[in-house]
Peer 1: 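Structure provided below as structure tokens; questions to follow.
This one's a predicted model, so the numbers in the text were calculated from it and none came from an experiment.
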Amino acid sequence: MRRWRAILSASIGLGFGAHGRAMLFDAHCHLQRLPDATAPDTWVDRARAARPLPVWGCAVCGCEVADWAQVEELHRRFPDFVVPSFGIHPWWAAGADLARLPEQLTAQLTTWHTAGVGECGLDGAKKKDIPMELQLQVLRAQLQLAKDFQRPVSLHCVAAHGLLLQALEECFPTGHPPGLLSG
């Protein structure tokens, strides 16, 4: 949690390295979905060396239960660079097992104390393929766990902002979750 607080307190992902230069934090990426297994190494090396502003870390957001192990592995390989985040992206909501999702996500959040929740959210452009009610059920389950574990959330939202705000207000009636991120 301390790592997330430090990350999220940096204004718009901007921090300062020991050298006094500004550095960036990528608050939303999917390194686990790169087609080449060596690509994360190349990406991390390039990001750290970027000019004029190096990237000092990133939140790698899961999209479906099937890629969570890859998110874990990236965190193990780059523990000082990758902050894991586990969730079901709305594009993969149809494949989510709603009965098992709370147990599966709880296991990740219990194991990885610095992990966030996400990427999750709503996508109105996909509502013909993935019914909005299903997207909402998957989202609500994840928001509840984010609330229970006091974890930041990485959100995806396309053409469903009113519904997303309503879901957030229902789950967090006294305010937003810690470090609510939008992706």
Side-chain angles (χ1 to χ4, degrees), residues 4 7-8 12-13 24-36 39-40 43 47 55 57-75 82-109 112 114-173 175-183:
W4 267 109
I7 290 164
L8 297 169
I12 60 168
L24 299 174
F25 179 83
D26 184 342
H28 172 137
C29 68
H30 300 284
L31 292 180
Q32 80 279 15
R33 302 200 78 80
L34 294 173
D36 179 1
W43 189 91
V55 177
C58 66
V60 175
C61 301
C63 295
E64 58 180 329
V65 173
D67 74 1
W68 291 0
Q70 294 166 293
V71 173
E72 289 178 36
E73 180 57 27
L74 285 164
H75 177 62
V82 170
V83 177
S85 191
F86 302 98
I88 306 294
H89 188 288
W91 294 0
W92 283 268
D97 182 343
L98 277 168
R100 293 195 59 222
L101 180 59
E103 171 192 335
Q104 293 168 317
L105 189 50
T106 293
Q108 294 301 322
L109 298 175
W112 303 102
T114 61
V117 174
E119 177 179 10
C120 58
L122 300 173
D123 196 318
K126 295 280 189 179
K127 66 185 175 187
K128 288 182 182 175
D129 300 321
I130 305 154
M132 193 57 68
E133 186 52 42
L134 175 60
Q135 292 184 46
L136 278 163
Q137 288 175 328
V138 173
L139 172 64
R140 287 180 182 128
Q142 294 173 92
L143 290 177
Q144 185 59 51
L145 287 168
K147 179 180 178 180
D148 293 347
F149 282 87
Q150 288 293 293
R151 300 296 176 88
V153 180
S154 181
L155 290 169
H156 172 97
C157 188
V158 173
H161 294 88
L163 285 173
L164 179 63
L165 286 173
Q166 183 179 354
L168 289 169
E169 288 171 351
E170 289 169 5
C171 189
F172 303 99
H176 63 77
L180 183 63
L181 305 173
S182 63

Peer 1: With sequence neighbours left out, write down each residue that passes side chain to side chain contact (heavy atoms under 4.5 Å, CB included) with C171, or none if nothing qualifies.
Peer 2: L143, Q144, K147

Peer 1: Checking side chain to side chain contact (heavy atoms under 4.5 Å, CB included) for the pair C58/V82: CA distance, chi angles, key distance, verdict?
Peer 2: CA-CA 5 Å; C58 66; V82 170; 4.1 Å; yes

Peer 1: If you compare all heavy atoms of V65 against all heavy atoms of Q104, which two are closest, and at what distance to 0.1 Å?
Peer 2: CG2-OE1, 3.7 Å

Peer 1: Looking at side-chain heavy atoms only, is the closest gap between L101 and L145 below 4.5 Å?
Peer 2: no

Peer 1: Side chains of L109 and D148: does their closest heavy-atom pair fall under 4.5 Å?
Peer 2: no

Peer 1: Hey, what do you get for SG (C157) to CG (L122), rounding to the nearest 0.5 Å?
Peer 2: 6.0 Å

Peer 1: Enter the distance from E103:CD to R100:CZ here, rounded to the nearest 0.5 Å.
Peer 2: 5.5 Å

Peer 1: Just jot down the side chain to side chain contact (heavy atoms under 4.5 Å, CB included) partners of A125, sequence neighbours excluded, or say none.
Peer 2: D123, V158

Peer 1: Quick one: does K126's side chain get under 4.5 Å of P90's, heavy atoms only?
Peer 2: no

Peer 1: How close do Q142 and V138 get, counting heavy atoms only, and between which atoms?
Peer 2: NE2-O, 3.1 Å

Peer 1: Hey, could you give me the NE2/CG distance between H30 and L74, rounded to the nearest 0.5 Å?
Peer 2: 12.5 Å

Peer 1: Does H89 reach the main-chain N or O of G62 with its side chain, forming a donor-acceptor pair under 3.5 Å?
Peer 2: no

Peer 1: Do L155 and C120 touch side chain to side chain, with heavy atoms closer than 4.5 Å?
Peer 2: yes

Peer 1: Under the 3.5 angstrom rule, does the side chain of W68 hit a backbone N or O of G87 as a donor-acceptor pair?
Peer 2: yes

Peer 1: Within the structure provided, determine whether I88 and L105 are in side-chain contact (heavy-atom separation under 4.5 Å).
Peer 2: no

Peer 1: Any idea which heavy atoms bring G124 and A160 closest together, and the distance?
Peer 2: N-CB, 4.1 Å

Peer 1: Return yes if some donor-acceptor pair links the side-chain N/O of R151 with the main-chain N/O of A115 below 3.5 Å, else return no.
Peer 2: yes

Peer 1: Keeping the roles fixed (side chain from Q135, backbone from I130), state whether a donor-acceptor pair exists under 3.5 Å.
Peer 2: yes

Peer 1: Do P84 and T114 come within less than 4.5 Å of each other through their side chains, counting heavy atoms only?
Peer 2: yes

Peer 1: Might you work through the side chain to side chain donor-acceptor pair (under 3.5 Å) test for E170 and Q166, ending with a clear yes or no?
Peer 2: CA-CA 6 Å; E170 289 169 5; Q166 183 179 354; 3.3 Å; yes

Peer 1: Does any non-hydrogen side-chain atom of W91 lie less than 4.5 Å from one of D129?
Peer 2: no

Peer 1: Checking Q108 side chain against S85 main chain: does a donor-acceptor pair fall under 3.5 Å?
Peer 2: no

